[in-house]
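Chain identifiers are assigned alphabetically (A, B, ...) following the order of the sequence lines, protein sequences preceding nucleic acid strands; residue numbering begins at 1 within each chain.
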Amino acid sequence: MSALVEIENLRVAFRNDEGGYNDAVRGVTLSLGREKLGIVGESGSGKSLTGRALLGVLPPYARISVDKMQFDGIDLKSATPKLRRSLRGGRMGMILQDPKFSLNPVMTIGKQIVEAIRIGDRRISGGDARKKALGILEAVHIREPERVFNLYPHELSGGMGQRVMIGMMVVREPDLLIADEPTSALDVTVRTQVLSILDELVTRRGMGLIFISHDLNLVSKFCDRVIVMYAGRIVESIEASRLSEATHPYTRGLLSCLPQIDGSLEPLPVLNRDASWAGAA
Amino acid sequence: MLSIQHLNVEFSGKLAVRDTGFSVQPGESFGLVGESGSGKSTILRTVMGLNANWNGSITVDGVDVRKAPRKQLAKVVQMVFQDPYSSLHPRYVIGQQIAEPMKINGIANPERRTAELLELIGLGARFQFRFPHELSGGQRQRVAIARALALSPKLLLLDEPTSALDVSIQAEILNLLNRLRKELGLTFVIVSHDLAVISYMCERLMVMRNAQPVETLTREQLRSGAIAEDYTKALIAAA
């Protein structure tokens, strides 16, 4: 099986006050098949930037360099902005953390999904697009899709909003979905639903999923493979089922600082950051 | 320390909390668990006087919340909010924000106490001239805790104090809270959707759903699985 995504030596830097550049992502190399890949790390570890660089939505002032970046055989490094724009939404989708900020507040849910469908297929009739939108709402387990179709984003709960977002992204059946903390804003019970929807899409449609999260437990249960990032670099890459055997002290530290329902009541171990984890730039 | 009986809170005709009651002993740490919309944060906000439309009785340290003057209440109970990015004033330096409640209440020497509080929460007095945007999320939450402690309250209401933070920072804040509870003899009420956090922090907890309590458990019951309600079991399974 050829890789869906291949990235070699990705670096992203931002200008600092002194006029130099601060590296935020420092030499990330990864490949993704039709699987669920988790990227974990703390805020500022570069996990979201990696996802955004792949999608091509970093701000223009970011300095990006990469040796190789391919998506399904397409060279993204030399791709024109036009080509990349045509890939986004259609073949690559992204789900963001907070549905409140990623849905249009003055447009009904139904209209937004229909809009997404019509951008992909300009010849589809209004009725068919509507049918398709209702179908996708049902597919993401929205009860009463007819009613929700006419609601505005502020009338939805967080969990429903997130499912609508997922629906809008998958209605075009992308080959790759980048989910950036898709469940952090959700309750545990809703989270399980959202994850099962994503899982279904990966297995049934053969989609590749990059699941960005800071929640190690969640990622180890949900993903096939986990990449742990620290200070812009990959410190460890491991099968999700074997995460408990992780060897890097940073991964071990992240695992041990989580309280457990039946864990010890002694003070939680805190991470003592070792300068060597960051490694040479 | 805190006693709530038959509390009903109404938002535009809809009950957000229905006939709910519990009491918390001095020095105890009590947890409220449930999904969003279950009313757990609403209870804390009502105790603080941030909701108007409620009935039932709430007493804090023997004082009726409805009758007590605002300033007197503020010296007994304080709240720490979920999002440290929006609970601090962006244009005040840290020192000003911590000193403000002391100035309002006419406490002598607020500057010195501010420095002491910053030491207590592990940031150090040199942080008092920084602005919130110069601090990380975990540091901001420490500042919010210092501000809540400024009037030496006996009861702290913590609304999801670590859910906006990285797990490594969460561990630091939870350790800090436990240390403060021991050193200052505080009573906690902690709202969280994370059962592991509640199990680590609280001796007793109440599970809420649809504006009502489902059941009240001790930490031992939670840990040994002596749970009566299916909903609680489902929550544990999903955690």
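What you find for A:I212 and A:G51 is that their closest heavy atoms are CD1-CA, 4.3 Å.
Counting only distance, with no hydrogens or angles, the side chain of A:R252 and the backbone of A:S244 share a donor-acceptor pair below 3.5 Å. Checking side-chain atoms of B:Q97 against main-chain N and O of B:R147 turns up no donor-acceptor pair under 3.5 Å. At distances below 3.5 Å, at least one donor-acceptor pair connects side-chain atoms of B:T20 with backbone N or O atoms of B:R18. For B:R223 (side chain) and A:G263 (main-chain N/O), a donor-acceptor pair under 3.5 Å exists by modelled atom type.
Only the backbone of A:Q260 comes within contact range of chain B, with at least one heavy atom under 4.5 Å from a heavy atom of that chain. For A:S264, the part lying near chain B is the backbone, with the side chain staying farther off; criterion is any non-hydrogen pair under 4.5 Å. The contact between B:N175 and chain A is made entirely by side chain atoms (from C-beta outward), counting heavy-atom distances below 4.5 Å. Heavy atoms of A:S43 lying under 4.5 Å from chain B belong to its backbone as well as its side chain. At a 4.5 Å heavy-atom cutoff, the contact between B:R219 and chain A is made by side-chain atoms alone. Within the 4.5 angstrom heavy-atom criterion, no atom of A:E181 approaches chain B. Looking at B:I198, there are no atoms closer than 4.5 Å to chain A (heavy atoms on both sides), in backbone or side chain. Heavy atoms closer than 4.5 Å to chain A are found in the side chain of B:Q170, but not in its backbone. Of the two parts of B:L195, the backbone and the side chain both hold a non-hydrogen atom closer than 4.5 Å to a non-hydrogen atom of chain A. With a threshold of 4.5 angstrom between heavy atoms, A:L258 approaches chain B through side-chain atoms but not through N, CA, C or O.
With chain B as partner, the option from A:L265, A:L254, A:V270 having the largest number of non-hydrogen pairs under 4.5 angstrom is A:L265. For chain A, the option among B:H193, B:E35, B:M201 with the highest count of heavy-atom pairs below 4.5 Å is B:E35.
Surrounding CZ of B:F129 are at most 12 heavy atoms belonging to other residues, nucleotides or ligands under 6.0 Å away.
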>> Under the criterion salt bridge (charged side-chain N to carboxylate O under 4.0 Å, His left out), I'd like the reasoning laid out for A:E239 against A:R242: C-alpha separation, chi angles, the key distance, then a yes or no.
In response: CA-CA 5 Å; A:E239 296 291 315; A:R242 292 175 47 217; over 6 Å; no
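Inter-residue side-chain proximity for B:Y200 and B:N178 is flagged as met; some heavy-atom pair is nearer than 4.5 Å.
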